Amino acid sequence: MIRAALLLSAVVCFLQPFRASATGQAAERLVVGCDTMQLFALPLATADSAVLARLEKRLDELDASGSTACWRRCIGVWRLDDEGILWLECVNTEDGDVVFSGAELVPEFAAGSRARAGWFSGEIRYGTGNQVYYQHDGFMRILEREWVAAVSEGRVRETKAYRNRLYERGADATDNAQRVAAAFDSLHVGKSPDLLSLYVVFAADSTGRVVRIDRARLLSEKGSPVVSDPADPLLQAALRAFRSVSRWDAWWVGETWKEQAYFIPLRRAGTVWKPRRG
């Protein structure tokens, strides 16, 4: 269990979404028909160890250092043909210089200059259009038009298409927190801890209103129990306040409203929380 003491150590933490700390990575390239799309998958990662060793050796020879946006030091260029076969066309450095053709890197699956991705089974996600969501973490970005395909031994067996959209309806995170804290103070009758915060996982819709709460808990002083019982009156009051006054940006992704998670301060030093000004 995450200790309350760690979560309450800095007010700034409560005003940010709960996210992993990582680095956004450059996508692979996928050619489908006449379109070149971003591929948010790494089919080469499951290739034979000898293939990966060959690639690493060549990258070292080329002194391909990569960057924080491309830790793997190279970008694969793939093609999905009309029969649903996934091909590796080539592997390039981040600057676009050719490292290997597909056939050179994976000769056992070669056909002409490219290689069929016969070693790969799994899910791939690819897309095009404007970016509607971004998180500075791996491939955690979402485009307007995306496809998710199930691949078995290099052949696509099933594909689902999605139209994604951002609805900018939200208030500033600090404003939302201040609204929720004030509403909670007016709703809750009885004694409250001097230090109290709400952790909530939820989804908002195109109006900015909360339409779903998946998980919630209250955090208090160090050593105090975490309140997660939905029947607890303190948690119920916090969630009523959260639903009634907060407004959030919303993302329609993969035919559902995207989940979000925030820590929100409710009380500090025995009084309703208010942001520092100036």
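Worth saying up front: this structure is predicted, and the values here are computed from it rather than measured. Excluded from the calculations below are hydrogen atoms, water molecules and symmetry mates; all remaining heavy atoms, backbone and side chain alike, are included. Position 1 is the first residue of the sequence, and the numbers go up from there.
Taking the ring centroids of W78 and Y126, they lie at or beyond the 6.0 Å cut-off.
Shortest non-hydrogen contact noted between Q25 and C70 is OE1-CA, 3.3 Å. When all heavy atoms are compared, the tightest approach of A27 to F40 is CB-CE2, 3.8 Å.
Looking at T207 and D205, their side chains do bring a donor and an acceptor atom within 3.5 Å of each other. There is no side-chain donor-acceptor pair under 3.5 Å between N164 and W252. Defined by atom type and a distance below 3.5 Å, a donor-acceptor pair is missing between the side-chain atoms of Q131 and Y133. Side chain to side chain, R268 and S197 meet the donor-acceptor criterion of an N or O pair below 3.5 Å. Inspection of the T128 and E144 side chains reveals no N or O donor paired with an N or O acceptor under 3.5 Å.
A salt bridge between E146 and R125 is present, with a side-chain N of the basic residue lying under 4.0 Å from a carboxylate O of the acidic one. With respect to the salt-bridge test (charged N to carboxylate O, under 4.0 angstrom), the residues K274 and D185 do not qualify.
Side-chain contact between D229 and L235 is absent, with no heavy atoms from C-beta onward closer than 4.5 Å. Residues L30 and T36 are not in side-chain contact: their nearest non-hydrogen atoms beyond the backbone lie 4.5 Å or more apart. Residues V226 and L218 are not in side-chain contact: their nearest non-hydrogen atoms beyond the backbone lie 4.5 Å or more apart. Looking at heavy atoms from C-beta onward, L198 lies in side-chain contact with F242 at the 4.5 angstrom threshold. When side chains are defined from C-beta on, S101 does not count as touching R114, because their heavy atoms never get closer than 4.5 Å.
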Original post:
Step by step, would you call Y262 with Y199 a side chain to side chain contact (heavy atoms under 4.5 Å, CB included)?
Top reply: CA-CA 6 Å; Y262 278 84; Y199 169 68; over 6 Å; no
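To the nearest 0.5 Å, atoms CG (L80) and OG1 (T159) are separated by 7.0 Å. Atom OG of S244 sits about 9.5 Å away from atom CZ of R209, to the nearest 0.5 Å.
Residue-environment remark: CZ (R157) exceeds the threshold of 12 foreign heavy atoms within 6.0 Å. Taking a 6.0 Å sphere around CD of E61, one finds it holds more than 12 heavy atoms contributed by other residues, nucleotides or ligands.
At least one donor-acceptor pair under 3.5 Å links the side chain of S121 to the backbone N or O of E153. In terms of modelled atom types and a separation under 3.5 Å, the side chain of R54 and the main chain of L105 share a donor-acceptor contact.
For R79 and W87, the positive end is not near the middle of the six-membered ring at less than 6.0 Å and at most 45° from its axis. Geometric assessment of R212 against the ring of F202 yields a negative cation-pi assignment under the 6.0 Å and 45° thresholds.
Ring orientation note: the planes of H136 and Y134 are tilted relative to one another, at an angle of 30° to 60°.
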